[in-house]
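Every chain is numbered from 1 and lettered A, B, ... according to where its sequence line falls, protein lines coming before strand lines. Just so we're clear, the structure is a prediction, and the values are computed from it rather than from any experiment.
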Amino acid sequence: MGVELGKIFDSVMKNSLFKNKSVLQTGYSPDSIPHREKQIELVASIMAPVLRGERVSNLFIYGKTGTGKTLSVQYVKDEIMKRSKEMGIEIRMEYINCKLKKVADTEYRILAALITELGGSVPATGLPTDQVYSRFIQLIDNKKQLVILIFDEIDQAVKKISDDFLYSLTRLNSELSKAQISIIGISNDVTFLENIDPRVRSSLGEEEIVFPPYNAVQLKDILNSRCKDAFKENVVDEAVISKCAAFAAREHGDARRALDLLRIAAELAERDGKSVIDEVYIDQANNKIERDKILAIVETEPSQFQAVLYSILQLTKQRKGNEEFYTGDIFNHYQDLCGKIKIEILTQRRISDIIAEIDMLGLINANVISKGRHGRTREVKLSIPQNLMDKVEVILTESLGV
DNA sequence: AGGTATTCACATGAAACTATTCTCTGAGTTAGG
DNA sequence: TAACTCAGAGAATAGTTTCATGTGAATACCTGT
């Protein structure tokens, strides 16, 4: 046994296609960010006054996922920090991702995360929020300094909390005597600023920058520049890159997606012992990404979600796929199911929300339609690919104990 | 035929409730001086 | 008297229930021709 494993390890070492895989993984910050020069310059020119010790305008940045927002901002942040260290200026720039569950998805936790970043500490719970605020203020206001807070995916936070959180933030300056803060908000949702309190809008959106999606040509450039560091010589050819770029361009120009695609394709090729990445692996990678995403969701959702999803699955099978069905059908089926597997039956109200959430996750397709005299409801269709159905069913039956 | 009023079957929203986890506070207890 | 323990009050959070209100268009119901 040990010998065979040794062989496997040896061959993996020898046949690796990668020079440095991390170059393709999320979180890697490249030396250059192609096709974002303009945006970076803009961000930098807006942030620059901080080096003169002036408070800078609040900045708001939009752009779809994978358009380089975070990367660019981080880049400018690092440059500014470097420079400020040379010049001996007190500047703090803190980056918070508001979407990370259990880290920064509520008002309390965002503040707590900031405080930890700044070297303080707060308990995870038990404290009134306004006390956390005052601790935060104390921490910042203990000396004269400029603080720039970067909130990534800020739209997620506001959806979950409310926009008076932003209001308190923008007003924070008036409570500080020595320090001053500026805010950079990053959002995927272009319409985000339109839907919030006008007072907040005007103050948060003092400056705005839009990051447009990459097109296929730009994506190719990005992939090419990363390939040099990521792969050994002659592992990828132009056609593969093109295909990758084309795939990702279709997905609203998501560079992250393109990189994932390439990395996973390479991993698959490597596993097959190939020394070159063939185009077919791009297709395989695409399927694998989709597949893994769905399976991960199905596995990790709580049992009530699983029960609802299982009901939908059963109904789909019953109806031979063709006919759509409605909230009421699902609820009835779900009730029976609960009886059978002996779990608590939730209200229809709740099931309605759960269906909406499963829709959000992309496992089903649900549209609100009006059937006239027969009321208004959601028309639901399963959107899990046929070849995954069995696998999903197995997971659900196992975890529900049907 | 054309117009309008109803009505269904939920959607959607807001508030309130529950259980869990955690802090903080202060009363009561203990042990050492 | 200082240190320690422990119960109770108060918070945050996630998941849910309760109550309330909204809604789009097929159909029932008129209306006048």
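- Of the candidate nucleotides C/dT16, C/dA12, C/dG22, C/dG22 has the atom lying nearest to any side-chain atom of A/R376.
- When rounded to the nearest whole Å, the span between CG of A/D105 and P of C/dG15 equals 10 Å.
- Atom CG of A/N387 is surrounded by more than 12 heavy atoms from other residues, nucleotides or ligands within 6.0 Å.
- Between A/E324 and A/V380 the shortest side-chain heavy-atom distance does not fall below 4.5 Å.
- The side chain of A/Y108 lies closest to C/dA12 when the candidates are C/dG24, C/dA12, C/dA28.
- Residue A/R109 contributes atom CZ, which lies 13 Å from atom C1' of C/dA11 at whole-angstrom precision.
- Here C/dA14 presents its C1' atom at 17 Å from CD of A/E107, a figure rounded to the nearest Å.
- Atom NZ of A/K160 and atom C1' of C/dA14 are 9 Å apart (whole Å).
- In this structure, A/K371 satisfies the cation-pi test against A/Y326, with its NZ or CZ atom closer than 6.0 Å to the six-membered ring centre and inside 45 degrees of the ring normal.
- Taking only side-chain nitrogens and oxygens, A/R350 never comes nearer than 4.0 Å to OP1 or OP2 of C/dT17.
- The CD atom of A/E379 sits 21 Å away from the P atom of C/dT23 (whole-angstrom rounding).
- Using a 4.5 Å heavy-atom threshold, the side chains of A/N58 and A/E207 count as separate.
- Taking the six-membered ring wherever Trp is involved, the centroid distance between the rings of A/F60 and A/Y62 falls below 6.0 Å.
- Close approach of DNA chain B to chain A, defined as any atom under 4.0 Å from a non-hydrogen atom of the protein, starts and stops at B/dT6 to B/dC24.
- What separates CD1 of A/I345 from P of C/dT16 is a distance of 14 Å, to the nearest Å.
- Geometrically, A/R36 engages A/Y214 in a cation-pi contact defined by less than 6.0 Å to the ring centre and at most 45° from the axis.
- To the nearest angstrom, P of C/dG15 lies 7 Å from CZ of A/F305.
- At a threshold of 4.5 Å between non-hydrogen side-chain atoms, the residues A/V392 and A/M389 do not count as touching.
- A cation-pi arrangement, defined by a distance under 6.0 Å to the six-membered ring centre and an angle within 45 degrees of its axis, is absent between A/R257 and A/F247.
- Rounded to an integer number of Å, the gap from A/N367 CG to C/dT23 P is 19 Å.
- Taken residue by residue, residues 128-139 of chain A places heavy atoms nearer than 4.0 Å to DNA chain C at A/P128, A/T129.
- Atom NZ of A/K99 is surrounded by 12 or fewer heavy atoms from other residues, nucleotides or ligands within 6.0 Å.
- Nucleotides of DNA chain B nearest to A/R349 and A/G328 differ in position, and the one nearer the 5' end is that of A/G328.
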